[in-house]
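Counting starts at 1 for both ligands and their atoms, in listed order. The figures that follow rest on heavy atoms only: side chains count, while hydrogens, waters and symmetry mates do not.
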Amino acid sequence: MLRKAPSPRYHGLMRVAALLLGAGRGERLRHALPKALVPLDGQPLIAHALATLEATPEIDLVVPVVPESEQRAFESALAVLHDSGKRWPCVPGGVERQDSVAAGLRALPEDVGWVAVHDAARPRVRVADVSRVVAAAREAGAAILAVPAADTLKRVRDGLVVETPPRSECWAAQTPQVFAVDLLRDALGRAAAEGRRGSDCSQLVEALGAPIRVVEGDPGNFKITAPRDLALAEALRVTDS
Ligand code: CTP
Ligand code: MG
């Protein structure tokens with residue numbers, strides 16, 4: 001089933017919100033602090049993407065989604081940062097990433113028509129790339145940043161290669177991923193009803209058969225997952241945006 005893109009005229013009047021997801025624990029980073037509070041360049045990790053999203057002209061408001069048990073710690077950490085006036089209070093996230101997305105969506109005011117979901121764990125995202133993916137979503141109804149796969153990818157099961165998808169068709173998905181709010185709500189609702197989990201929002205929207213535009217992003221917008229990624233990010237201070 002293919003869904004039609006939402007009417008650009010109606011959605012053109014609606015505000016664009018960013019959900020900044022920082023509610024994960026960061027098990028693989030093995031740090032004493034929750035991942036989004038781990039320092040990078042002397043600031044909590046979440047502060048970097050927060051500043052970039054706030055600096056993006058197309059983004060009207062930014063909602064940080066944080067671990068429920070650490071809400072106070074996050075509020076204090078963010079309170080000392082420069083506030084562009086777009087920042088909303090922290091919203092407690094859920095057990096899994098898509099629960100955190102759902103919690104963020106519930107907190108959005110009614111005049112928000114577009115939502116850019118971004119991982120706080122991607123501190124090096126650039127303003128220009130956020131702008132481009134928002135613009136693409138406004139045209140197509142949904143858009144994600146992604147980079148072409150450099151390596152040949154294998155589908156592997158039980159330690160054995162199952163197949164090799166053509167490399168030219170393989171891209172690594174990043175965030176922001178931008179959707180019409182109603183589309184993402186439908187996708188989350190359907191996934192919950194069917195007990196499906198996705199490792200990103202796009203996967204859940206794909207299941208509705210909706211078109212999702214792919215916008216080529218920057219390899220520097222990688223996700224901090226393991227300890228060595230922090231050193232890599234330190235080496236990649238953003239000089240331009
Ligand atoms: N995230 C979230 N809520 C969750 C799980 C993840 O908001 N329940 C967010 C994380 O804070 C992160 C992003 O989703 O910014 C991507 O997830 P991932 O890199 O897996 O982060 P963690 O889940 O924190 O790390 P790990 O899987 O190693 O525990
Ligand atoms: Mg995780």
Side-chain angles (χ1 to χ4, degrees), residues 17-41 43-54 59 61-75 77-78 81 87-108 115-126 129-130 133 144-147 172-179 184-185 187-188 191-192 195-205 217-233 236:
L19 294 184
L20 180 53
L21 298 182
R25 173 69 206 90
E27 297 290 343
R28 289 169 288 178
L29 194 59
R30 299 193 304 276
H31 197 284
L33 290 168
K35 182 157 82 176
L37 289 182
V38 170
L40 172 68
D41 303 342
Q43 289 200 320
L45 188 58
I46 193 171
H48 296 275
L50 181 66
T52 303
L53 293 169
E54 290 185 354
I59 302 285
L61 55 134
V62 183
V63 181
V65 183
V66 305
E68 188 164 20
S69 57
E70 311 273 348
Q71 205 175 340
R72 297 271 282 280
F74 272 81
E75 259 151 20
L78 299 190
L81 303 172
R87 192 177 310 157
W88 277 51
C90 294
V91 168
V95 177
E96 294 200 38
R97 189 181 184 279
Q98 79 194 55
D99 304 319
S100 297
V101 175
L105 278 183
R106 283 193 295 272
L108 294 181
V115 62
V117 181
H118 184 66
D119 296 330
R122 296 182 190 272
R124 298 311 195 202
V125 65
R126 299 185 304 193
D129 289 335
V130 180
V133 70
I144 65 170
L145 283 180
V147 288
Q174 302 179 333
T175 66
Q177 300 191 344
V178 187
F179 308 96
L184 185 55
R185 276 213 181 99
L188 285 163
R196 272 185 292 108
R197 295 271 149 195
S199 50
D200 70 355
C201 295
S202 172
Q203 192 180 342
L204 305 179
V205 172
D218 180 78
N221 180 26
F222 64 89
K223 185 163 67 69
I224 306 286
T225 304
R228 62 167 200 160
D229 297 329
L230 271 177
L232 240 150
L236 264 179

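Looking at atom 10 (C) of ligand 1, its nearest protein heavy atom turns out to be Gly24 N, 3.7 Å. Residue, atom and distance of the protein heavy atom nearest to atom 18 (P) of ligand 1 are Lys35 NZ, 3.7 Å. Protein heavy atom nearest atom 26 (P) of ligand 1, with residue, atom name and distance: Glu27 N, 3.5 Å.
Using a 4.5 Å heavy-atom threshold, the side chains of Lys35 and Asp119 count as separate. Taking the side chain as every heavy atom from C-beta outward, Asp129 and Gln174 never approach each other to under 4.5 Å. His118 places none of its side-chain heavy atoms less than 4.5 Å from the side chain of Val130. Using a 4.5 Å cut-off on side-chain heavy atoms (C-beta onward), Cys201 and Phe179 make contact. Within the 4.5 Å cutoff, side-chain heavy atoms of Leu184 are placed close to those of Val117. Asp41 is listed as a side-chain neighbour of His48, based on a closest heavy-atom distance under 4.5 Å.
For ligand 1 and Ser100, the ligand atoms under 4.0 Å from any heavy atom of the residue are 2 (C), 3 (N), 4 (C), 7 (O), 8 (N). Proximity to Ala120 (heavy-atom distance under 4.0 Å) selects the following atoms of ligand 1: 15 (O). Close approach to Glu96 involves these atoms of ligand 1, each under 4.0 Å from a residue heavy atom: 4 (C), 8 (N). For ligand 1, the atoms sitting less than 4.0 Å from at least one non-hydrogen atom of Leu21 are 7 (O), 9 (C), 10 (C), 11 (O), 12 (C), 15 (O), numbered in the order shown with element in parentheses. Against a heavy-atom cut-off of under 4.0 Å, Ala121 is close to the following atoms of ligand 1: 15 (O). Those atoms of ligand 1 that come under 4.0 Å of a heavy atom in Val95, given as number and element, are 8 (N). Here is the list of ligand 1 atoms found below 4.0 Å of a heavy atom in Gly22: 7 (O), 11 (O).
Closer than 4.0 Å to atom 21 (O) of ligand 1 lies at least one heavy atom of the protein.
When atom types are taken as modelled, the side chain of Gln98 and the backbone of Gly198 share a donor-acceptor pair closer than 3.5 angstrom. In this structure a side-chain-to-backbone donor-acceptor pair under 3.5 Å is present from Asn221 to Thr175. Arg25 contributes a side-chain N or O that, together with a main-chain N or O of Leu33, makes up a donor-acceptor pair within less than 3.5 Å. Although no hydrogens or angles enter the test, the distance criterion places no donor-acceptor pair under 3.5 Å between the side chain of Glu54 and the main chain of Val62.
The shortest separation from a heavy atom of Gly94 to ligand 1 is under 4.0 Å, placing the residue in contact. For Gly26, the heavy-atom gap to ligand 1 drops under 4.0 angstrom.
Residue-level proximity to ligand 1 for Asp99 is absent, since no heavy atom of it falls below 4.0 angstrom. Contacts of Arg28 with ligand 1, taken as heavy-atom pairs under 4.0 Å, involve both backbone and side chain. If you look at Arg25 next to ligand 1, the close heavy atoms, those under 4.0 Å, all belong to the backbone. Contacts between Lys223 and ligand 1, counted as non-hydrogen atom pairs separated by less than 4.0 Å, involve the side chain only.
Closest heavy-atom approach to atom 14 (O) of ligand 1 among the candidates Gln98, Arg97, His118: Arg97.
Among the atoms of Leu29, none of the N or O lies under 3.5 angstrom from an N or O of ligand 1. Taking any N or O of Ala23, backbone or side chain, at least one lies under 3.5 Å from an N or O belonging to ligand 1. Taking distance alone, with nitrogen or oxygen atoms compared against 3.5 Å, Ile224 stays at or beyond that limit from ligand 1.
Looking at Arg124 and Asp229, no side-chain N of the basic residue comes within less than 4.0 Å of a carboxylate O on the acidic one, giving no salt bridge.
Counting non-hydrogen atoms of other residues, nucleotides and ligands closer than 6.0 Å to CD of Gln71 gives a total above 12.
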